[in-house]
Amino acid sequence: IELAPEGTGYRAKSRFARFYNIPELMNMFKEIADIKTSDQLKLPVPEAEYETVVLKPTEQQKEIVESLGERAEVVRNGGVDAAVDNMLKITNPESKIAVCAEKSYEIWKDTAAQKSAQLIFCDLSTPKGDGSFNVYDDLKRKLMEKGVPEKEIAFIHDANTEAKKTELFGKVKSGQVRFLIGSTAKMGAGTNVQDRLIALH
């Protein structure tokens with residue numbers, strides 16, 4: 001940044017096109033910013049009970065994984081049309097979706113009186129609504145098959161304006177929407193729906 005020759009203000013002398021060296025960028029940022037970490041601020045945070053669900057593969061699953069590796073190699077080498085086979089189809093974590101649906105359904109059922117809400121973070125695929133397979137719609141379908149009403153399940157992607165986002169967050173806070181599903185990027189900072197929040201997946 002340099003002072004404009006006219007003395008009327010400042011102008012950018014150069015700008016970053018791309019910056020690959022993140023540690024160096026952070027060091028530059030620290031020269032102009034006062035950074036406080038969470039342990040320094042000692043902000044009150046809720047206590048959480050963490051549970052990691054580990055699934056052991058069966059012999060059949062091991063064979064399937066081996067065949068998936070062969071399919072992935074064909075896809076990588078361009079040996080198949082993407083409409084026929086692709087990496088999303090190959091990496092479809094069917095059993096993980098089922099376990100997530102079961103765990104979150106049990107919590108939904110146990111907290112019906114409080115109308116507690118749950119956030120499910122999913123960075124695999126996006127909801128398309130065109131009938132093609134994606135993790136979002138599959139998870140929603142599994143929850144509905146267990147008895148969760150469709151109106152209680154929402155995708156963060158549906159709130160594509162600030163007004164819609166505010167409305168959606170209001171529904172989660174009031175207990176109308178009890179499942180909010182979204183990616184880490186879309187549902188990270190700024191998603192203030194913690195009033196009824198009981199679990200994160």
Polar side chain donor-acceptor pair, Q176 to S174, under 3.5 angstrom: yes
R178 side chain to T111 side chain, donor-acceptor N/O pair below 3.5 angstrom: yes
Contact summary for V177 and K151, nearest pair of heavy atoms: CG2-O, 3.8 Å
Pair E150 + K140, salt bridge at N-O below 4.0 Å: yes
Over all atoms of both residues, closest heavy-atom pair of K164 and D158: CD-O, 3.9 Å
Sidechain-backbone polar pair: R196 side chain, Q114 backbone, donor-acceptor under 3.5 Å: yes
Non-hydrogen atoms of T191 and Q194 that approach each other most closely: O-OE1, 4.2 Å
L180-W108 co-clustered via ILVMFWY side chain contacts under 4.5 Å: no
Sidechain-backbone polar pair: N134 side chain, Y136 backbone, donor-acceptor under 3.5 Å: yes
Verify same cluster id: L200, L168 (apolar side-chain graph, 4.5 Å): yes
Between CZ on residue F155 and CG on residue D137, distance to nearest 0.5 Å: 4.5 Å
same_hphob_cluster(L139, Y105) at 4.5 Å side-chain heavy-atom cutoff: yes
Sidechain N-carboxylate O distance under 4.0 Å for K103, E106: no
Sidechain N-carboxylate O distance under 4.0 Å for R141, E145: yes
Joint hydrophobic cluster, L119 plus I156, side-chain heavy atoms closer than 4.5 Å: yes
ILVMFWY network linking M187 to L197, side-chain heavy atoms under 4.5 angstrom: yes
Short side-chain to backbone donor-acceptor contact, S183 and K186, under 3.5 Å: yes
Short side-chain to backbone donor-acceptor contact, Q118 and S104, under 3.5 Å: yes
Polar side-chain atom of Q40 near backbone of T37 as donor-acceptor pair, under 3.5 Å: yes
Within-4.5 Å side-chain heavy-atom neighbours: L124 and K96: no
Spatial distance of atom NZ (K109) from atom NZ (K146) [nearest 0.5 Å]: 9.5 Å
NZ-CD distance between K165 and E162, expressed to the nearest 0.5 angstrom: 5.0 Å
